[in-house]
Amino acid sequence: MKEVACISTDADLARLLSITPQALNNLKRGGTITPNLVFKFLDLFTDTSLDWLIKGTHPAPEQNHHYRGIAEADLPWETAQHIGFDPSWLTRVYRVTIDDVALLVVRSNAMEPLVSYGDTVMIDRTEHSFTSDAIYLLEVNKSILLRRVQLRANGSVLLSAFNSEYTPEEIPKAQIANIEIIGKVIWVGRKT
């Protein structure tokens, strides 16, 4: 399952399947696989509809669940709900479920030209710690910032913008807890 989902840890697999890590360990030791878990797996990793499996019929086009909008989130910028994503693609490519992410319309020019004002970003809302050098949506001193976060050897982090009008800021290790990580940017969409 981990190979199909393109994930490497049992904890990520358990989260993806909406079960506890303990339940996953029980399954690995020969525990009972419930029908709900089988359906969840089929829904996430195949293009097979449950209607076809159970009834032998395909759903009507308006009932096709493969391309779903992302739910509105209580986040600081406008959410973009007009874009649909295939949940199995999100799982395979980004190792997230559709419920883990939010689409936001960027209201800053700090990351130009990489991410421009008005672009849409998808953020992984399960990322609550700095795990890699990446772009994060942050709340720092009551300001919402889209910044590249670089981890430093001394435990500090460097917050930087691609736009040279913004000065990089090094946050000492002792002050990192004051930064609220709203999410990690995993996808950017741009109007042409």
Side-chain angles (χ1 to χ4, degrees), residues 5-9 11-16 18 44 66-192:
C6 300
I7 56 179
S8 58
T9 68
D12 288 339
L13 180 60
R15 184 176 58 119
L16 182 66
S18 302
L44 288 172
H66 285 292
Y67 292 92
R68 287 182 36 204
I70 293 175
E72 185 170 343
D74 184 20
L75 292 169
W77 288 345
E78 170 191 351
T79 57
Q81 297 180 299
H82 59 281
I83 304 172
F85 288 87
D86 181 339
S88 65
W89 176 80
L90 287 172
T91 300
R92 280 192 315 273
V93 175
Y94 295 107
R95 301 178 186 163
V96 294
T97 68
I98 203 159
D99 296 323
D100 294 336
V101 297
L103 289 175
L104 300 175
V105 178
V106 175
R107 296 297 178 222
S108 168
N109 69 350
M111 299 305 288
E112 288 184 352
L114 182 67
V115 180
S116 297
Y117 188 96
D119 285 352
T120 300
V121 292
M122 180 184 296
I123 61 166
D124 177 355
R125 296 184 299 162
T126 65
E127 290 282 345
H128 298 292
S129 62
F130 300 122
T131 57
S132 63
D133 290 352
I135 298 173
Y136 289 84
L137 186 64
L138 310 167
E139 184 173 343
V140 180
N141 298 324
K142 298 184 182 179
S143 294
I144 302 303
L145 306 175
L146 189 64
R147 294 292 188 270
R148 178 180 180 198
V149 175
Q150 295 172 282
L151 307 175
R152 302 293 207 180
N154 65 3
S156 68
V157 295
L158 181 67
L159 305 181
S160 60
F162 281 88
N163 186 332
S164 61
E165 294 177 18
Y166 294 82
T167 305
E169 182 178 1
E170 186 159 353
I171 308 295
K173 184 178 181 178
Q175 294 179 9
I176 291 175
N178 297 333
I179 299 172
E180 181 185 347
I181 301 169
I182 298 170
K184 178 179 169 181
V185 175
I186 59 173
W187 177 90
V188 177
R190 173 166 289 154
K191 295 178 194 174
T192 56

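Keep in mind that the numbers below use all heavy atoms, side chains included, and drop hydrogens, waters and symmetry copies. Bear in mind the structure is a predicted one, so any value in this text is a computation, not a measurement.
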For this session: With sequence neighbours excluded, give me every side-chain hydrogen bond (donor to acceptor under 3.5 Å, both in side chains) pair touching residues 176-185.
Result: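 Residue pairs with at least one partner in residues 176-185: S132-K184.
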At what distance, to the nearest 0.5 angstrom, does [atom1] of [X] lie from [atom2] of [Y]?
X    : Y    : atom1 : atom2 : value
E139 : I182 : CD    : CD1   : 5.5 Å
D119 : R107 : CG    : CZ    : 10.0 Å
L138 : I171 : CG    : CD1   : 9.0 Å
R147 : S160 : CZ    : OG    : 8.5 Å

Is it the case that the side chains of [Y] and [X] hold a donor-acceptor pair, with the cut-off being a distance below 3.5 Å and no angle test?
X    : Y    : result
N141 : S143 : no
R190 : S116 : yes
S156 : N154 : yes
N109 : Y166 : yes

Side-chain contact test, heavy atoms from C-beta onward, threshold under 4.5 Å: evaluate it for [X] versus [Y] and give yes or no.
X    : Y    : result
V106 : L146 : yes
I176 : V157 : yes
R148 : Y136 : no
I123 : L104 : yes
M111 : I135 : yes
E112 : Y117 : yes
F130 : I181 : yes
V101 : I186 : yes

Exercise. Given the rule in the side-chain contact (heavy atoms from CB on, under 4.5 Å) test, do T120 and W187 qualify, once you have shown the distances and angles that lead to the verdict?
Worked result: CA-CA 8 Å; T120 300; W187 177 90; 4.3 Å; yes
For this session: Decide side-chain contact (heavy atoms from CB on, under 4.5 Å) for L159 and V149; before the verdict, give the C-alpha distance in whole Å, the side-chain angles of both, and the deciding distance to 0.1 Å.
Result: CA-CA 5 Å; L159 305 181; V149 175; 3.6 Å; yes
For this session: Take R125 and D100, measure what side-chain contact (heavy atoms from CB on, under 4.5 Å) needs, and give me the verdict at the end.
Result: CA-CA 6 Å; R125 296 184 299 162; D100 294 336; 5.9 Å; no
Exercise. Going through the distances and angles, do D99 and T97 end up as a side chain to side chain donor-acceptor pair (under 3.5 Å)?
Worked result: CA-CA 5 Å; D99 296 323; T97 68; 4.8 Å; no
Exercise. What pair of heavy atoms forms the shortest contact from A110 to S108, and how long is it?
Worked result: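 For A110 versus S108, the nearest heavy atoms are N-OG, 3.1 Å.
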